[in-house]
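Fair warning: this is a prediction, and the values are worked out from it, not measured in the lab. Below, chain A is the first sequence line, B the second, and so on; all start at residue 1.
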Number of protein chains: 2
Amino acid sequence: MAQKKEYLSKNQKIVLDIIEKSSQPMKAYSILFNVQKKGLKAPPQVYRALDKLVEIGKIHKIESRNAFIACRNSACTITNATAFSICESCEDVKEISSSKLSKYLSNFQDKEGMKYNKYNLEFFGICKKCK
Amino acid sequence: MAQKKEYLSKNQKIVLDIIEKSSQPMKAYSILFNVQKKGLKAPPQVYRALDKLVEIGKIHKIESRNAFIACRNSACTITNATAFSICESCEDVKEISSSKLSKYLSNFQDKEGMKYNKYNLEFFGICKKCK
DNA sequence: CTGTTATTGTTATATTATAACAATGTAATA
DNA sequence: TATTACATTGTTATAATATAACAATAACAG
Ligand SMILES: [Zn+2]
Ligand SMILES: [Zn+2]
Ligand SMILES: [Zn+2]
Ligand SMILES: [Zn+2]
């Protein structure tokens, strides 16, 4: 389920390429700046590509930071179950791939027995380097 | 730890009051519109109040929606451990108060044994009414 | 080729959030 | 009281994030 689509469009490839080259989340307008030499001139071109890439699970949005990071979680077959650790000091972000965690959360039911088809979890703390 | 402060300032009270009267998350500019009759005219006045109210745990930000909801989780002594269920159809949002869930997540350690002092979890699905 | 759909290019604008600085209020204390 | 320190407020302007709308082009199945 990680990949719902085999081929990416030109703009989607360009945007994904930039994001994959970065080890850290990138902001939309920083992506825009970086792809201008490739001919993408306006925000909608970037945002459309971002939307699609998020949809097919190639990238994830870090909601608390309004930034986008490439998915490197090869075990991340469930694109709609994401977890990240975020350092509040250096802003380093890592995708967490714990099958135990994802099982626990995917099976979570609220008081009324409702189950969810999607979740996003963001952990915050101070990373090793910053300690 | 839910309340770090006994008294709220005038603007903080006004903003909190509006949010508490709403059963659902409110957007900052909708709050602004609603408090203009009370004399708060400009965005910074609202955003400052929001920042403080989030900090002391009176409200939470729903990151995926850029909206703010009052904390009604009386058991929510840990303001920095938040979980919500969000209906993707009607946008209904509920704060989840499950001590089991919060214990599990507060104790979660990543591969390198790192623990976190804060998390935010957002579940997505279709609520009962919308089914 | 023809109709259909996805993608792209483009301009303008909407929405969310903060910088910067002056003015005022509040409270402890010299 | 006068003095200081600090939090809060008011205000203007602007930054940062994201989408609407529509025309043009490309991709592709029938
Ligand atoms: Zn992933
Ligand atoms: Zn760090
Ligand atoms: Zn709460
Ligand atoms: Zn619903």
Novice: Kindly state which residues belonging to residues 19-37 of chain A come within less than 4.0 angstrom of DNA chain D, counting heavy atoms of the residue only, listed by number.
Specialist: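 Hits under 4.0 Å, by residue number: A:K27, A:Y29.
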
Novice: Please give, in whole Å, the distance from C:dT7 C1' to A:L53 CG?
Specialist: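 A:L53 atom CG is separated from C:dT7 atom C1' by 13 Å.
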
Novice: Among pairs that include at least one residue of residues 14-34 of chain B, which meet ring-ring contact (aromatic ring centres under 6.0 Å, His included), considering only residues two or more places apart or in two chains?
Specialist: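 Listed once each, the pairs would be none.
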
Novice: Expressed as a whole number of angstroms, how long is the span from B:K52:NZ to C:dT18:P?
Specialist: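 Whole-Å distance recorded here is 15 Å.
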
Novice: With sequence neighbours left out, write down each residue that passes side-chain hydrogen bond (donor to acceptor under 3.5 Å, both in side chains) with A:E20, or none if nothing qualifies.
Specialist: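 Partners of A:E20 by the side-chain hydrogen bond (donor to acceptor under 3.5 Å, both in side chains) criterion come out as none, since no residue qualifies.
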
Novice: Could you encode protein contacts along nucleotides 24-30 of chain D as a string, one character per nucleotide from 5' to 3', using B for base contact, S for sugar-phosphate-only contact and - for no contact, with a heavy-atom cut-off of under 4.0 Å?
Specialist: -------

Novice: Mind checking what makes salt bridge (Lys or Arg N to Asp or Glu O under 4.0 Å) contact with B:D92, not counting sequence neighbours?
Specialist: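 Only B:K94 meet the salt bridge (Lys or Arg N to Asp or Glu O under 4.0 Å) criterion with B:D92.
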
Novice: Would you please name every residue forming a ring pair (Phe, Tyr, Trp, His ring centres under 6.0 Å) with B:Y47, sequence neighbours left out?
Specialist: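 Per chain and number, B:Y47 pairs via ring pair (Phe, Tyr, Trp, His ring centres under 6.0 Å) with no residue.
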
Novice: Round to a whole Å and report the spacing from CD of A:Q12 to C1' of C:dT7.
Specialist: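 Interatomic distance, CD of A:Q12 to C1' of C:dT7: 8 Å.
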
Novice: Side-chain N or O of A:N66 less than 4.0 angstrom from OP1 or OP2 on D:dA18?
Specialist: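 Yes, such a contact exists.
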
Novice: Going by the rule side chain to side chain contact (heavy atoms under 4.5 Å, CB included), which residues pair with A:K41 if we only count those two or more places apart in sequence or in a different chain?
Specialist: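 A:K41: side chain to side chain contact (heavy atoms under 4.5 Å, CB included) contacts with A:Q45.
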
Novice: To the nearest Å, give me how far apart OH (A:Y7) and P (C:dA6) are.
Specialist: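 From A:Y7 OH to C:dA6 P: 19 Å.
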
Novice: Without decimals, in angstroms, what is the distance between A:K10 NZ and C:dG9 C1'?
Specialist: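 My rounded result for the distance is 9 Å.
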
Novice: Can you name the side chain to side chain contact (heavy atoms under 4.5 Å, CB included) partners of A:K13, sequence neighbours left out?
Specialist: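 Side chain to side chain contact (heavy atoms under 4.5 Å, CB included) list for A:K13, sorted by chain: A:L8.
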
Novice: Roughly how many Å is it from CG in B:L8 to C1' in C:dG25, rounded to a whole number?
Specialist: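 These atoms are roughly 17 Å apart.
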
Novice: Are any of A:N11's side-chain N or O atoms less than 4.0 Å away from OP1 or OP2 of C:dG9?
Specialist: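 So the side chain of A:N11 is within the cut-off, an N or O lying under 4.0 Å from OP1 or OP2 of C:dG9.
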
Novice: Please confirm whether the shortest side-chain N or O distance from B:S9 to OP1 or OP2 of D:dT9 is below 4.0 Å.
Specialist: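 For B:S9, the contact criterion (side-chain N or O under 4.0 Å from OP1 or OP2 of D:dT9) is met.
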
Novice: Is the distance between the ring centroids of B:Y119 and A:F124 under 6.0 Å?
Specialist: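 Judged by ring-centre distance (under 6.0 Å), A:F124 and B:Y119 do not meet the cut-off.
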
Novice: Go through residues 41-50 of chain B and report each residue with a non-hydrogen atom lying under 4.0 Å from DNA chain D, sorted by number.
Specialist: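 Under 4.0 Å from DNA chain D: B:K41, B:A42, B:P44, B:Q45, B:R48.
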
Novice: Identify, with sequence neighbours excluded, every residue that meets side chain to side chain contact (heavy atoms under 4.5 Å, CB included) alongside A:M26.
Specialist: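 Scan of A:M26 (side chain to side chain contact (heavy atoms under 4.5 Å, CB included), adjacent residues dropped) gives A:I18, A:S22, A:S30, A:I31, A:N34.
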
Novice: Give a yes or no on whether B:K131 atom NZ has more than 12 heavy-atom contacts from other residues, nucleotides or ligands under 6.0 Å away.
Specialist: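 Counting neighbours around NZ of B:K131, more than 12 heavy atoms of other residues, nucleotides or ligands fall under 6.0 Å, so yes.
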
Novice: For A:E63, which residues count as a side-chain hydrogen bond (donor to acceptor under 3.5 Å, both in side chains) partner, sequence neighbours excluded?
Specialist: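 In terms of side-chain hydrogen bond (donor to acceptor under 3.5 Å, both in side chains), with neighbours along the sequence ignored, A:E63 is linked to no residue.
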
Novice: Tell me, please, which residues at least two apart from B:F84 pass ring pair (Phe, Tyr, Trp, His ring centres under 6.0 Å).
Specialist: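 Partners of B:F84 under the ring pair (Phe, Tyr, Trp, His ring centres under 6.0 Å) test: B:H60.
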
